[in-house]
Amino acid sequence: MTEILEQLNDAQRHAVTCTDGPVMVIAGAGSGKTRVLTYRIAVMLRNGIDPFNILALTFTNKAAREMKERITQLVGSSDARNVWMGTFHSIFARILRVEGHLLGYPSNFTIYDTDDSKNVIKSIIKELNLDPKQYTPGIVYNRISSAKSNLTSAEEYNHTAEIVADDNRAQKPMIGEIYTNYEIRCFKAGAMDFDDLLFKMNVLLHNFPEILYKYQNKFKYILVDEYQDTNHAQYLIIKQLAARHENICVVGDDAQSIYSFRGANIQNILNFKNDYPDLKTFKLEQNYRSTQTIVNAANSLIARNKDQIFKQVWTENEPGHPIQVLKAASEIEEGQKVANSIFEIKMNQQQPNSSFAVLYRTNAQSRAIEEALRKLNIPYRIYGGVSFYKRAEIKDLLAYFRLVVNPLDDEAFKRIVNYPARGIGKTTLEKIELAAVQTKLSNMQIALEPARYISGLPSGTVAKLEQFATMIQGLHYQLQKLDAYELAQKISVSSGLMMELMSDKSEEGLSKFQNSEELINAIKEFTEREEIDIPIDSDTEGSKRSLDVFMQDIALMTDADDDKDGNNNKVVLMTIHAAKGLEFPFVYIVGLEENLFPSNMSLTTRAEIEEERRLFYVALTRAEKKVVLSYAETRYRWGNLTANEPSRFLVEIDEQYLEKSLRRVPSEKPGSSPVMKQMPAYMKKPLNTPATSESSMFPPNYVTPVDEIQPGVSVIHERFGKGKVLSIEGSGPNTKATVFFAQVGQKQLLLKFAKLKVV
DNA sequence: GTGTGATATCTTTTT
DNA sequence: GATATCACAC
């Protein structure tokens, strides 16, 4: 115990040992936040607190996994295993499987991912005869999602004047109606979406005092990681659970709040003390991760944000290298320069591949980097992007599993009823859908007795449907008789999926087959595994290795677990969001261009730009030894070449921390004179400056503000040329303009994409 | 009912 | 560039 505490500084030690009562830890980047959390749990366990009474909530599966490993190292696996540790979503899903029957959900409810949800919305839009152009599933989904994150039910949604007014203004008055239908459909299908896991958990605790009481007593000690990223629903669950014992410890850093787009409310951490008058606050300000240069550079950047809790992050580490800025003509060159730089450092300093990370704003940027690394034979691993579980062939197989586990799951039904093709086409599916809505039955129930519910169906179709439905039903009955692996194999064979995959001899088909095989193998491993990831109460069933148990967590998995080939010595490629909480000796942050980072979606309000800036702060502070920044003057974006200015963030870092800065005093900069602003970007390159890795840069050139584009004005579009604005529709980010171009005629353009310049 | 090719639309970020 | 949707031939 003492040896544990000796490894901590004063602030850390206080945060670790103060295990009773409400505690807030404001942890600057690299200040040992995870260490505090894990040691705190270790101390509690050594003090004799029952691991079953500890709840530790994280934001990602990776964070939970890592913390569990570290605790295991400190106190051994028998105790560590029994701590309730996981993401908000997975922990509450677990509880809802046990208690959900109170809300009318089966314990094997399906978890709809975003695609499923959007598909449900799509079919409702169709059913209500709404214009799919006006009601895009994505927008509707976001509206519903943020309503749920704020605990606004469909009914409240329709009765809240402000919300109704908003939707009316956006010319989408039917969203409330869609929301209502969406809820009905999901419930009928025995399905919850991601937001439901938080929403229904709240309902459960709110409506069933005995359940609240049960879990308050179960979770006597609660810890929350990344508290700055919690949304209202999460906040309220924590508050309710902690209300009895008030042994709650939240850890976070307001400067690293990067999820407000998903409903995260930074006020949760700023106002935390209001909920707990006895709150003890500890600030961790000493950075152990990065060089002075990196810490100071990051500080100089984040100082530009207005909304923040005051703290002074500092370090005793060495000064380190200045931050390097690479300039490239194109994304291809950017990739090459990054790869070359990695290669050089790797060779000169004998660094393993795993010392390097390349971070970017959007997943699409990974491609150019990948290609460059491949050319130099540098092994890499991409996190995120099209994850294993999102691949079409995996989703097909999983849809079969889902339907077998939960025959009410209409989305799964629709996905696979005709894959492999069995002559059940669009028309038939529409008839089934219609019948399902009218009879309030599931698609499966209709398919079991098609003739009974749909009149005039060709006898061939009836037979095909019955055959399919009977097969699924037969498999469903074997759920508890076979283990997950046996059943999964049986499903893949009798569905004809394996046959289908094996007959496809193309390279693509082969990889699909291999991926499917890999999923089956994962199930096999699961069947043979002894331990369970999250403890199960003694009053629930034991450790049955059946397929429904396997399926419980699968929807919440985002990345395929650790590397299959066991080789972890690879350069890591990921988005900055995914990199939160991680650290690497050498960090490359690429694509530092206006409209990319900061994203063009986030340029309208100060709050949005501040969040982008926090994101950049997170990126910088991932690095231990050295940061390299890069930008490309041109880059392909959705198919065509675009030119972008270097990111404003480049000039926001105090230049003394940048390598051999060629920057001049701002007013003398050629790029900032009014004349230069009118010139196309490629002409602004100062003469005599070779296009190498020097950090010459210009302040960003902003596109014509949207509100200057009015009917009647003449504009220039980079591809369509000169034109005249005829009319403007919509508002906010979705403003559309109808423009008549001399060369190509009339076009409708979304102003956020079409970069129009007023002539 | 199925399969093909053309074409519109699109992308932040994640559980 | 990639995917979803649509029109059309079989």
Side-chain angles (χ1 to χ4, degrees), chain A residues 57-64 86-93 111-115 117-119 122 126 132-133 136-139 142 145 148-149 192-198 226 229-231 233-234 257-264 331 359-365 367-368 383-387 389-390 392 418-431 458 460-461 464 553-559 574-580 591 595-603 608 611-612 614-616 618-619 635-641 733 747-750 752-754:
Chain A
L57 295 168
T58 65
F59 213 61
T60 63
N61 293 308
K62 212 193 307 168
T87 63
F88 283 89
H89 290 84
S90 69
I91 295 279
F92 301 151
I111 297 173
Y112 276 175
D113 67 13
T114 310
D115 288 342
S117 299
K118 285 183 184 166
N119 285 334
K122 216 181 284 176
K126 205 162 154 199
K133 294 230 165 68
T136 57
I139 292 174
N142 285 337
S145 171
K148 284 192 190 177
S149 302
M192 296 201 199
D193 65 18
F194 288 139
D195 300 302
D196 280 333
L197 297 175
L198 308 176
E226 309 282 14
D229 285 326
T230 51
N231 64 28
Q234 289 162 327
S257 158
I258 54 174
Y259 280 101
S260 74
F261 71 93
R262 217 171 83 190
E331 71 209 300
L359 308 181
Y360 34 78
R361 179 68 235 265
T362 63
N363 282 306
Q365 289 167 255
R367 166 172 268 138
Y383 285 79
V386 195
S387 84
Y389 295 102
K390 283 231 168 96
N418 197 33
Y419 182 78
R422 25 176 100 79
I424 302 166
K426 217 168 79 183
T427 327
T428 311
L429 244 173
E430 270 169 17
K431 286 179 190 161
T461 313
K464 287 171 194 159
D553 293 328
I554 225 66
L556 298 171
M557 299 294 277
T558 43
D559 48 6
M574 59 171 86
T575 64
I576 301 167
H577 283 87
K580 193 166 73 155
N595 296 320
L596 181 60
F597 192 15
S599 159
N600 54 342
M601 314 292 286
S602 310
L603 294 173
E608 283 174 344
E611 177 146 322
E612 294 282 311
R614 288 194 295 269
L615 193 57
F616 188 37
V618 168
R635 153 183 323 272
Y636 278 93
R637 273 187 111 179
W638 43 93
N640 46 5
L641 195 65
K747 291 264 172 195
Q748 280 223 329
L749 302 162
L750 264 182
K752 65 178 164 182
F753 293 122

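Bear in mind the structure is a predicted one, so any value in this text is a computation, not a measurement. We use all heavy atoms of the structure for the numbers below, so side chains are in, but hydrogens, waters and symmetry mates are not. Chain letters run A, B, ... following the sequence lines, proteins first, then strands; residues in each count from 1.
Judged purely by atom type and a 3.5 angstrom limit, A/His89 has no side-chain atom pairing as donor or acceptor with the backbone of A/Leu197.
At the phosphate of B/dT14, neither OP1 nor OP2 sits under 4.0 Å from any side-chain N or O atom of A/Thr60. Distances shown here put every side-chain N or O of A/Ser90 at or beyond 4.0 Å from the OP1 or OP2 atom of B/dT15. Not one side-chain nitrogen or oxygen of A/Asn61 sits closer than 4.0 Å to the OP1 or OP2 atom of B/dT14. Of the side-chain N and O atoms in A/Asn363, one or more sit less than 4.0 angstrom from OP1 or OP2 of B/dT14.
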Please list each protein N or O that sits under 3.5 Å from an N or O in nucleotides 2-9 of chain C, with the distance.
unit_1, atom_1, unit_2, atom_2, d
C/dA2, OP1, A/Arg367, NH2, 3.3
C/dT5, OP1, A/Lys122, NZ, 2.9

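A/Glu226 meets the salt bridge (charged side-chain N to carboxylate O under 4.0 Å, His left out) test with A/Lys33, A/Lys580; sequence neighbours excluded. With sequence neighbours left out, A/Glu608 forms a salt bridge (charged side-chain N to carboxylate O under 4.0 Å, His left out) with no residue at all.
The CG-C1' distance, from A/Asn600 to B/dT13, rounds to 13 Å in whole Å. B/dT11 atom C1' lies 8 Å from atom CZ of A/Arg637, rounded to whole Å. For the pair A/Ile576 CD1 and B/dT14 P, the computed distance is 11 Å after rounding to whole Å. The distance from atom OH of A/Tyr383 to atom C1' of B/dT14 is 16 Å, rounded to the nearest whole Å. Across the protein-nucleic acid pair, A/Ile111 atom CD1 and B/dT15 atom P stand 13 Å apart, rounded to whole Å. If you take NZ of A/Lys464 and C1' of B/dG1, they are 8 Å apart, rounded to a whole angstrom. Atom pair A/Asn418:CG and B/dG3:C1' shows a separation of 12 Å (rounding to whole Å applied). Rounded to a whole Å, the CG atom of A/Asn231 is 12 Å from the C1' atom of B/dT14.
Contact annotation for A/Ile424: backbone-only contact, meaning every heavy-atom pair under 4.0 Å involves sugar-phosphate atoms and none involves a base. Residue A/Phe597 is out of contact with every strand shown, counting any heavy-atom pair closer than 4.0 Å.
A distance of about 22 Å separates the C1' atoms of B/dT11 and C/dC6, rounded to the whole Å.
Under a cut-off of 6.0 angstrom, the local environment of CZ in A/Phe261 is crowded, with over 12 non-hydrogen atoms contributed by other residues, nucleotides or ligands.
A/Phe616 and A/Phe597 have perpendicular rings, their planes meeting at more than 60° on a 0 to 90° scale where under 30° would count as parallel.
For the 3.5 Å distance criterion, the side chains of A/Gln365 and A/Thr362 qualify, holding a donor opposite an acceptor.
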* Apply side chain to side chain contact (heavy atoms under 4.5 Å, CB included) to A/Ile554 and A/Ile111, showing your working. => CA-CA 9 Å; A/Ile554 225 66; A/Ile111 297 173; over 6 Å; no

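Residue order along DNA chain B, read from the 5' end via each residue's closest nucleotide, puts A/Lys431 first among A/Tyr259 and A/Lys431.
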